[in-house]
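Numbers for residues simply follow the sequence, beginning at 1.
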Amino acid sequence: MKSIVILGSTGSIGTQALEVAKRDGYNVIGLAAGKNAKLLEEQAREFLPDAVAMFDETAARELKLRLSDTDIKVLSGIYGVCELAALQCDTVLDSIVGIAGLKPALSAITAGNTLALANKETLVAGGDIVNAEAKKHGVKIIPVDSEHSAIFQSLQGAPDKSLKKILLTASGGPFYGRSRKELENVTVKDALNHPNWSMGAKITVDSATLMNKGLEVIEAVHLFGVKASDIEVLVHRQSILHSGVELSDGAVIAQLGTPDMRLPIAYALTYPNRSETAFEHLSLANVGTLTFEKPDTETFKCLPLCISAINAGGVAPAAVNGANEEAVRLFLEGKIKFLQIAELVEKALISVNNKNDFTLEDVFEADKSARILVREFALR
């Protein structure tokens with residue numbers, strides 16, 4: 001029985017991962033969440049892990065009381081989550097939202113655990129550091145994002161150095177086809193109305209701004225050892241072809257399937273095998289038509305800003321990511337407008353004190369500085 005730890009277990013990816021774990025009979029030895037003590041208690045009682053952890057100290061104290069009649073160990077804060085990530089297991093699934101997932105990912109790697117990565121910010125902000133640690137400890141990083149999983153799957157069996165181009169697909173989000181003028185007064189409710197996927201609020205807003213796709217470009221650079229110029233972003237409204245690759249001989253290989261995150265989650269946990277229990281099968285005849293087009297980077301500026309950040313290298317991607325996290329938070333709170341998200345990300349990119357030779361502390365400093373800048377500009 002395969003043993004797993006799930007970080008971010010109360011979120012969208014985490015709850016679906018637990019569905020997969022229950023269905024396929026995994027031994028869940030650790031669960032971590034932010035501050036939803038009630039849901040984490042329910043998960044703990046169902047899966048009976050050795051330990052649980054919560055980022056929020058107050059929520060951890062509440063959870064400890066809730067689980068006082070069990071033998072489950074309750075950990076708290078970032079150190080507790082990192083301790084949980086270091087439990088000896090087959091795979092750690094990191095689905096924590098934002099840069100908060102970076103340190104636990106490094107803890108999992110240092111412990112020698114295979115890392116199933118659903119937290120793109122880990123590689124966006126600290127990709128060079130994470131890859132160096134993974135190489136040092138001989139740890140495999142398996143992507144869980146549907147697009148990166150599709151690329152990873154498409155490359156299985158491809159000879160070394162045969163990759164010519166990555167084809168990274170985007171749904172286009174809820175505001176596909178709209179002009180900047182039409183986006184001036186869109187609401188939070190509008191931005192959260194994704195046409196194809198059911199995701200958390202932050203990632204859904206990122207999809208609406210195309211920031212999500214920009215972050216995925218940066219992540220792909222680190223995952224697959226390519227340059228940003230080797231990645232072609234395509235708007236594919238049907239979300240059926242999840243991404244693919246073009247190889248040196250001109251062959252294009254892609255992974256297609258229904259828009260169901262449980263499939264890439266299951267593949268990451270079973271790799272290199274496949275789950276024996278099938279998900280909903282894709283009927284291409286019922287889908288009918290698949291369309292592809294170039295993204296509108298004039299209207300949705302977050303995508304080119306991310307490409308500029310990864311081309312600049314150093315801590316620029318960390319600054320862009322931190323600025324976006326803060327700007328999205330302010331947008332969800334109704335304190336800024338939708339189009340201001342990209343404007344604030346651009347200000348952070350221009351202002352970043354970049355370093356090509358950087359440490360983990362530099363990454364978090366760039367993140368912190370970008371957030372402060374966003375708050376100062378946004379709340380004037």
Testing the basics here: between [X] and [Y], what is the closest heavy-atom pair and its distance to 0.1 Å?
X	Y	answer
G80	L75	O-CD1, 3.5 Å
A37	L63	O-CD1, 3.6 Å
L282	G257	CD2-N, 3.8 Å
N354	A312	ND2-O, 3.7 Å
M261	I13	CE-CD1, 3.6 Å
A323	A370	N-CB, 3.8 Å

Any salt bridge between [X] and [Y], counting N to O under 4.0 Å?
X	Y	answer
E19	R23	no
R329	E333	yes
K120	E147	no
K347	E343	no
D69	R45	yes

Quick one: does [X]'s side chain have a donor or acceptor within less than 3.5 Å of a partner on [Y]'s backbone?
X	Y	value
N113	L87	yes
Q156	F152	yes
S95	G8	yes
R237	L290	no
D90	S3	yes
N119	I96	yes
N193	D190	no
D260	R262	yes
T169	H242	yes
S351	A348	no

Atom pair [atom1]/[atom2] of [X] and [Y] - distance to nearest 0.5 Å:
X	Y	atom1	atom2	answer
I4	C89	CD1	SG	8.5 Å
E293	L234	CD	CG	9.5 Å
I265	D145	CD1	CG	10.0 Å
R371	L330	CZ	CG	10.5 Å
D206	E325	CG	CD	8.5 Å
L93	Y26	CG	OH	11.0 Å

[X]-[Y] co-clustered via ILVMFWY side chain contacts under 4.5 Å:
X	Y	value
L39	V20	no
V81	V97	no
L18	L67	yes
V328	I372	no
F377	L305	yes

Taking C-beta and beyond as the side chain, do [X] and [Y] meet within less than 4.5 Å on heavy atoms?
X	Y	answer
S171	S207	yes
I341	V205	yes
T122	L117	yes
T291	Q238	yes
E41	L65	no
L123	N131	yes
V245	I151	yes
L210	D296	no

E346 vs L349, test: side-chain contact (heavy atoms from CB on, under 4.5 Å). Steps then yes/no. CA-CA 5 Å; E346 185 172 18; L349 179 59; 5.6 Å; no

Derivation of the side-chain contact (heavy atoms from CB on, under 4.5 Å) call for V320 and V352: CA-CA 9 Å; V320 163; V352 64; over 6 Å; no

Please determine whether the number of non-hydrogen atoms from other residues, nucleotides or ligands lying under 6.0 Å from atom [atom1] of [X] exceeds 12.
X	atom1	answer
N273	CG	yes
D357	CG	no
E280	CD	no

Which residues share a side-chain hydrogen bond (donor to acceptor under 3.5 Å, both in side chains) with S149, sequence neighbours left out: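 Applying side-chain hydrogen bond (donor to acceptor under 3.5 Å, both in side chains) to S149 gives Q153.
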
Looking only at side-chain N and O atoms, does [Y] offer a donor or acceptor that is under 3.5 Å from a partner on [X]?
X	Y	result
S76	E57	yes
S107	E83	no
N311	S308	no
Q255	Y267	no
E62	T58	no
S9	Q43	yes

Classify the angle between the aromatic ring planes of H236 and F292 as parallel (below 30°), tilted (30 to 60°) or perpendicular (above 60°). parallel

Trace of the side-chain contact (heavy atoms from CB on, under 4.5 Å) decision for K22 with F47: CA-CA 8 Å; K22 183 177 181 179; F47 290 92; 4.0 Å; yes

Given salt bridge (Lys or Arg N to Asp or Glu O under 4.0 Å), test E42 with K38 step by step and report yes or no. CA-CA 6 Å; E42 293 171 5; K38 183 177 183 297; 2.8 Å; yes

L167 and side chain to side chain contact (heavy atoms under 4.5 Å, CB included): which partner among I253, V252, L241, V233?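 Of the listed options, the one satisfying the test is V252.
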
Return all side-chain donor-acceptor pairs below 3.5 angstrom for residues 216-223, not counting sequence neighbours, or 'none' if the list is empty.
residue, atom, partner, partner atom, Å
E216, OE1, K213, NZ, 2.6
E216, OE2, N212, ND2, 3.2
E219, OE1, H148, ND1, 3.3

Kindly determine whether L84 and V52 satisfy side-chain contact (heavy atoms from CB on, under 4.5 Å), including the steps that lead there. CA-CA 7 Å; L84 193 84; V52 295; 5.6 Å; no

